[in-house]
Amino acid sequence: MVERRPLLNVLQHAVLILGAALFVFPIYLAFVASTHTAQEVNSGIPLLPGAEMLSNYAQVLGEGISTAGAPPLWLMLMNSTVMALSITIGKIAISLLSAFAIVYFRFPFRLLAFWTIFITLMLPVEVRILPTYEVVAQLGMLNSYAGLSIPLIASATATFLFRQFFMTVPDELTEAARIDGAGPMKFFRDILLPLSRTNIAALFVILFIYGWNQYLWPLLVTTDESYYTIVMGIQRMANAGEETPQWHLIMATAILALLPPVVVILGMQRLFVRGLVEVEK
Amino acid sequence: MKKVTFRHRWLPYLLVAPQIAITLVFFIWPASQALYQSVLRQDAFGLKTEFVGLANFAKLFNDPLYLESFVTTVTYSAMVAGLSMGVALVLAVMADRVVRQATTYRTLLIWPYAVAPAVAGVLWWFLFNPTVGIAAYALDAMGYDWNHYQDGGDAMMLIVIAAAWRQVSYNFLFFLAGLQAIPRSLTEAAAIDGAGPLKRFWTIQLPLLSPTAFFLLVVNVVYAFFETFGIVHATTSGGPGNDTVILVYKVWRDAFEGLNLGSSAAQSVILMGIVIALTAIQFRYIERKVEY
């Protein structure tokens, strides 16, 4: 800080605390609502947690919201986990391999391969929903984990990140490996992979959150409720029929849906910030 | 360009094969299908198709509903970008001044990024629910009768707040990084010359932040345009009337509920054009920044 201005210091802490409160407040209220009975929530929401927490969470995890025709939450949480992990691991794996090929080999059609991958940067799934859906339907991948994850696996950003990083690996390492008689795959496994560890971890955090938070895609490819993910399932619960929404259960679902990615972000804050800045640039 | 490379006849092809295969099947092919379908007219059962040239596009630009959705989307993204960037800038400037507890505040402020847009939508939907929501109750006490089920302006505010709420943390991180990259000596010199904090902000920090702000503007517009489908779908469903039908929502609705394939494909193509333009702007900016 450049100079002393006690009043300004008080003001800035006040603004920051207010900002943090604005972020926490909706979650706090959702949590409070999830610990009361339906009657208590509907007759003016209380501001302090109630006594029904265990029974509400046990109910959504075990049975789901019966009137909404949605499966129990444990199943949706599992589907979300499978989907997020498949997307994350799949993306990292294919990006590592293709970046390695593009940086460490000279082969015909190398540039064509590069541009084919590059162009996907410009085509988010939202702008080609229907034809992509048709392809997945024709391949018989509706209502399957493959249909949920594979179409979202190809992405240029991860490939570019690894390409960028591989370019900074000194040539001497490659030469030394070659002189020692190591083939390309041995070099990849024993030198390049260990060097990429932090990049992989940072990307893992970003991609896990990306995969977990998918909404439109699972909404399209799953009609069988045993493949619902929690982020899309919450909408089915909230818009169930004509009756009053069961807010206490919906909010319990919301809390469970946002907990895993938030825990990941807070636990790996340093990696997350690093990953975010690198992925975007 | 690497000087030292490996030689192998087929290995490189094997290595790029998985990514190229997925890209061709799930990106290039569907995108070209969208282009192709956009010049066809197909009846709802897919029995008959005919080539209609640019008629689908011409029809769109004469359709008041589509034009209305365009205006809605532009207004909506401007409000989301403005609100989330404004709040983030204020918070980042404050956090930058607090040298010691900056990481604590960063921890408190970044996690909403992890909340899915759809979940953020449901949270705010609950807060603003006319019968049980505490925010609606507070507004009511102040004499404002909030009802996003009937009032289009209220519904728009609801999705703007939900979308911006989640995006603030992202903008905050980039603004904070940008502020911390400004050399201390610059601010100190200005302070010695007698410039107060407000003047320093206007004459030093804000101009130096403008590349970051421009980058964020593009990112936020892309976010509002393409990633907030979940917020609209989970809360207002485009209503009341068509007041919150943003373009991505309309593509989805025309394709999967209206079964109007030609029109939906033409809309997809227009959206592709918008993403490509925005991405190109982003890249040019990044290139310039690298030189700089």
Side-chain angles (χ1 to χ4, degrees), chain A residues 1-3 8 12 15-16 19-20 23 26 29-30 41-42 45 94 97-98 100-101 103-107 113 116-117 120-124 126-132 135 150-151 153-154 171 174-175 184 209 213 215-216 231 234-235 238 247 251 254 257-258 261-262 265-266 269 273 281, chain B residues 2-6 8 11-12 15-16 18-20 22-23 25-27 29-31 33-34 90-91 94-95 97-99 105 107-109 111-112 114-116 118-119 122-124 126-127 132 134 173 187-188 191 197 226 229-230 233-234 248 251-252 255 264 268 271-272 275-276 279 286:
Chain A
M1 204 167 313
V2 184
E3 75 267 79
L8 203 62
Q12 75 203 25
V15 170
L16 285 167
F23 280 174
L29 263 191
V41 175
N42 285 329
I45 166 126
I94 66 167
L97 293 178
S98 55
F100 176 55
V103 173
Y104 281 96
F105 290 89
R106 297 278 159 277
F107 56 98
T116 310
I117 297 169
T120 59
L121 267 187
M122 302 194 171
L123 297 171
E126 283 79 5
V127 308
R128 50 188 170 81
I129 332 170
L130 186 65
T132 314
V135 168
I150 294 175
I153 278 179
D171 279 342
T174 325
E175 245 167 54
I209 292 168
N213 288 346
Y215 182 83
L216 176 57
V231 172
I234 193 174
Q235 187 268 344
W247 288 112
M251 287 302 121
L258 65 81
V262 168
I265 224 179
L266 291 181
Q269 203 190 135
V273 174
K281 291 212 169 151
Chain B
K2 283 265 175 199
K3 285 198 197 74
V4 186
T5 53
F6 292 101
H8 207 287
L11 185 62
L15 291 171
V16 291
Q19 176 137 27
I20 296 290
I22 291 178
T23 306
V25 174
F26 297 106
F27 281 78
W29 171 248
Q33 279 302 98
V90 171
L91 291 173
M94 296 302 169
R97 284 184 55 89
V98 188
V99 180
Y105 283 120
T107 309
L108 283 172
L109 293 171
W111 59 268
V115 178
V119 174
V122 171
L123 287 178
W124 285 94
F126 174 61
L127 288 177
V132 296
I134 196 160
L173 272 181
T187 2
E188 274 161 24
F226 300 103
F229 172 86
H233 186 256
V248 172
V251 174
W252 171 80
S264 169
S268 290
L271 280 177
M272 273 184 220
V275 198
I276 290 173
T279 319
I286 289 166

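Counting heavy atoms from C-beta outward, L130(A) and S268(B) have side chains that stay 4.5 Å or more apart. Counting only heavy atoms from C-beta outward, the side chains of V122(B) and M251(A) approach each other to under 4.5 Å.
Between P26(A) and L123(B), the shortest heavy-atom contact is O-CD2, 4.2 Å. Residues F107(A) and V16(B) share a closest heavy-atom pair of CZ-CG1, 4.5 Å. What you find for A114(B) and N213(A) is that their closest heavy atoms are O-ND2, 3.0 Å.
Under the side-chain contact (heavy atoms from CB on, under 4.5 Å) criterion, L266(A) pairs with V262(A), T107(B), W111(B), not counting sequence neighbours.
Interface check for chain B: of the options A254(A), A101(A), P184(A), A257(A), the most heavy-atom pairs under 4.5 Å are formed by P184(A). Most heavy-atom pairs under 4.5 Å with chain A: of the set A34(B), A116(B), S264(B), this distinction falls to A116(B). Contact count versus chain B (heavy atoms, under 4.5 Å) is highest, among L216(A), I129(A), I209(A), T116(A), for L216(A). Contacts with chain A were tallied for I276(B), T279(B), L109(B); L109(B) has the most, counting heavy-atom pairs under 4.5 Å. When each of L16(A), T174(A), L258(A) is checked for heavy-atom pairs under 4.5 Å with chain B, L16(A) comes out on top. Taking chain A as the reference chain and counting heavy-atom pairs below 4.5 Å, the highest number among Q19(B), M94(B), H8(B) is found for Q19(B). Interface summary for chain A: among V132(B), V119(B), V115(B), I134(B), the most heavy-atom pairs under 4.5 angstrom belong to V132(B).
Within the 4.5 angstrom heavy-atom criterion, only side-chain atoms of I234(A), from C-beta onward, approach chain B. Only the side chain of Y215(A) comes within less than 4.5 Å of a heavy atom in chain B; its backbone stays farther off. Heavy-atom distances place the side chain of L127(B), and not its backbone, under 4.5 Å from chain A. Within the 4.5 angstrom heavy-atom criterion, atoms from both the backbone and the side chain of W252(B) approach chain A. The part of V135(A) that comes within reach of chain B is its side chain, from C-beta onward, which places non-hydrogen atoms under 4.5 angstrom from that chain. Both the backbone and the side chain of L91(B) come within contact range of chain A, each with at least one heavy atom under 4.5 Å from a heavy atom of that chain. With a threshold of 4.5 angstrom between heavy atoms, F27(B) approaches chain A through its backbone and through its side chain. Looking at L173(B), the atoms closer than 4.5 Å to chain A (heavy atoms on both sides) all sit in the side chain, from C-beta outward.
A distance of 13.5 Å separates CZ of F26(B) from OG1 of T120(A), quoted to the nearest 0.5 Å. To the nearest 0.5 angstrom, I94(A) atom CD1 is 12.5 Å from L15(B) atom CG. Here F100(A) contributes atom CZ and L11(B) contributes atom CG; the two are 7.0 Å apart, rounded to the nearest 0.5 Å.
Although no hydrogens or angles enter the test, the distance criterion places no donor-acceptor pair under 3.5 Å between the side chain of R128(A) and the main chain of Q33(B).
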